[in-house]
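Below you'll find the structure, written out as structure tokens, and then a few comments.
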There are 2 protein chains.
Amino acid sequence: MSPTKARAPKRSTYRHGDLRQALLDAGLELARGGGPDAVVLREATRRAGVVPNAAYRHYASRHELLQAVRSAALAALAVAIENELAGLRRAGNPAARARACLRAVGTGYLRFAQAEPGLLRTAFSVPDDLPGSAVPEKAGSSGLNPFQLLGAALDGLVDAGVLPPERRLGAEYLAWSAVHGFAMLVIDGPLRTLSPPQIRAIGQRLLDMVEKGLT
Amino acid sequence: MSPTKARAPKRSTYRHGDLRQALLDAGLELARGGGPDAVVLREATRRAGVVPNAAYRHYASRHELLQAVRSAALAALAVAIENELAGLRRAGNPAARARACLRAVGTGYLRFAQAEPGLLRTAFSVPDDLPGSAVPEKAGSSGLNPFQLLGAALDGLVDAGVLPPERRLGAEYLAWSAVHGFAMLVIDGPLRTLSPPQIRAIGQRLLDMVEKGLT
DNA sequence: ATCGTTATGTGGATGGCGTACACTTTCGAT
DNA sequence: ATCGAAAGTGTACGCCATCCACATAACGAT
């Protein structure tokens with residue numbers, strides 16, 4: 001018979017090389033497909049070609065692995081936003097440019113939500129226990145997290161004279177809430193069944209609302 | 001010794017009476033405390049004083065029970081919003097009244113989010129598989145679900161001449177996104193650590209933004 | 001080069017979970 | 001009184017996270 005219980009994963013080297021990273025990658029893949037609940041420790045070790053317990057040499061628990069996946073997912077979101085910002089054609093008018101920046105942050109967020117719903121859900125899933133800081137630490141390639149990218153865009157609006165300075169404080173929360181809420185309702189909420197074009201259209205109107213309501 | 005394995009739950013009657021409802025209640029209680037993941041079938045049956053498998057006479061799977069809990073949680077949200085609307089002092093000006101209605105829907109939503117975070121998270125958790133309609137069916141005591149209550153408030157704005165009719169279509173999505181997103185970020189997102197007064201203040205500004213951005 | 005030390009994986013076990021199948025008890029219609 | 005369906009129980013399986021003891025390979029001091 002073929003060995004039904006191939007318990008010991010076959011690997012040329014006893015050492016794995018970089019199991020920690022391999023587990024993170026596997027976890028990200030799982031999260032991509034099924035959100036935070038799909039990040040199953042045993043499955044991650046399976047994919048890394050290693051016995052379940054090996055994971056505990058690198059993460060104290062499933063929650064720690066999940067936390068690492070969360071951070072990575074958040075960083076991926078930051079990268080997506082940065083890409084959106086990078087693809088921005090620079091309009092002459094500073095005010096228009098500042099507005100475009102804010103919109104780019106929003107559309108980057110929404111684009112990511114549609115492209116990687118599992119990762120977005122994971123990034124913002126509850127950390128089960130950890131108190132955690134008010135705002136995520138992890139950063140994208142530019143060293144900024146999504147929240148900071150949004151803040152920068154808002155600063156730009158103030159500099160361009162579009163947003164009155166007295167309305168700047170806490171404005172991140174307002175803009176973020178609108179975009180995040182829409183993303184969530186679209187990903188797994190009641191707006192799930194809207195067609196992609198509908199979603200894009202409403203997304204644009206949402207950004208209109210934010211822009212108008214904020215300034 | 002006390003019987004370590006009290007397998008057969010002690011009940012005077014072999015029949016339970018209304019196990020279906022008892023399981024729903026237990027599930028709601030679990031969801032209240034820990035969100036959708038806390039709705040554990042075995043624990044629900046335990047609380048109902050019944051063996052795990054008994055649940056399958058009333059729900060085909062854990063997911064079906066969870067779905068029932070979801071509906072109940074959504075109905076609870078609708079009730080909370082209705083209460084907020086009921087407590088509204090009727091201003092003379094129709095326009096002001098319509099605005100107050102919209103605000104009441106928003107504040108009811110946010111109040112519920114703070115009072116029952118577990119239920120709100122459960123109400124909007126992903127239904128795992130079911131396609132489901134675009135908008136929840138279940139209703140509060142007035143027979144309307146939260147989405148419909150919001151729609152009614154927006155209709156009122158149009159009637160009062162505050163909201164241009166051409167902006168009415170899809171306006172629910174915009175308002176809902178903002179409020180829902182804020183609720184989510186506050187419940188288990190990065191805004192978790194804000195103080196309740198801060199939250200209330202920002203919540204009001206959020207509603208300002210929606211009102212201004214929408215009309 | 002040798003030899004511990006220690007980091008890293010393995011094996012085996014425990015208890016919780018969802019759920020399938022077969023059995024038993026009770027209720028209500030006949 | 002009888003019998004069939006409805007509701008609960010028992011047993012079992014496989015999956016999960018995690019604990020403990022053990023094995024092995026890589027590395028640094030000698």
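Convention: sequence-line order gives letters A, B, ...; per-chain numbering from 1. Quick caveat, the model's predicted, so the values are computed rather than measured.
Distances shown here put a side-chain N or O of B:His58 below 4.0 Å from the OP1 or OP2 atom of D:dG8. One finds a side-chain N or O of B:Arg62 lying less than 4.0 angstrom from the OP1 or OP2 phosphate oxygen of C:dG18. Here B:His63 does not reach the OP1 or OP2 of C:dG18: none of its side-chain N or O atoms lies under 4.0 Å away. Between A:Arg46 and D:dC16, a side-chain N or O to OP1/OP2 separation shorter than 4.0 Å is present.
Donor-acceptor pairing under 3.5 Å, judged by distance alone, is present between the side chain of B:Asn53 and the base of D:dT11.
Formation of a donor-acceptor pair under 3.5 Å by the B:Tyr59 side chain with backbone atoms of B:Leu66 is not found in this model. Within the 3.5 Å criterion, the main-chain N or O of A:Ile81 finds no donor-acceptor partner in the side chain of A:Glu84. A:Glu211 contributes no side-chain N or O that, together with a main-chain N or O of A:Asp208, makes up a donor-acceptor pair within less than 3.5 Å.
As rounded to whole Å, 19 Å separates atom P of D:dT24 from atom CG of A:Leu19. Rounded to whole Å, the distance from CG on A:Leu41 to C1' on D:dC19 is 13 Å. Following rounding to the nearest Å, B:Leu23 (CG) and C:dG18 (C1') show an atom-to-atom distance of 14 Å. Nucleotide D:dA17 holds its C1' atom 15 Å from the CD atom of A:Glu43, rounded to whole Å. With rounding to whole Å, A:Arg57 atom CZ is found 15 Å from D:dT24 atom P. Atom pair A:Tyr56:OH and C:dG11:C1' shows a separation of 15 Å (rounding to whole Å applied). Taking atom CG on A:Leu65 and atom P on D:dT18, their separation rounds to 10 Å, with Å as the unit.
Using a 4.0 Å heavy-atom distance criterion, B:Thr13 is classed as making no nucleic acid contact.
A:Met209 has its side chain within reach of B:Met209: a pair of non-hydrogen atoms, C-beta onward, lies under 4.5 Å apart.
Along DNA chain C, the nucleotide nearest to B:Val39 and the one nearest to A:Gly17 differ in position, and the one closer to the 5' end is contacted by A:Gly17. Map B:Arg42 and B:Asp18 each onto its nearest nucleotide of DNA chain D; the residue landing nearer the 5' end is B:Asp18.
Just one residue in the list B:Asp188, B:Leu77, B:Leu110, B:Val186 forms a side-chain contact (heavy atoms from CB on, under 4.5 Å) with B:Leu120, and that residue is B:Leu77.
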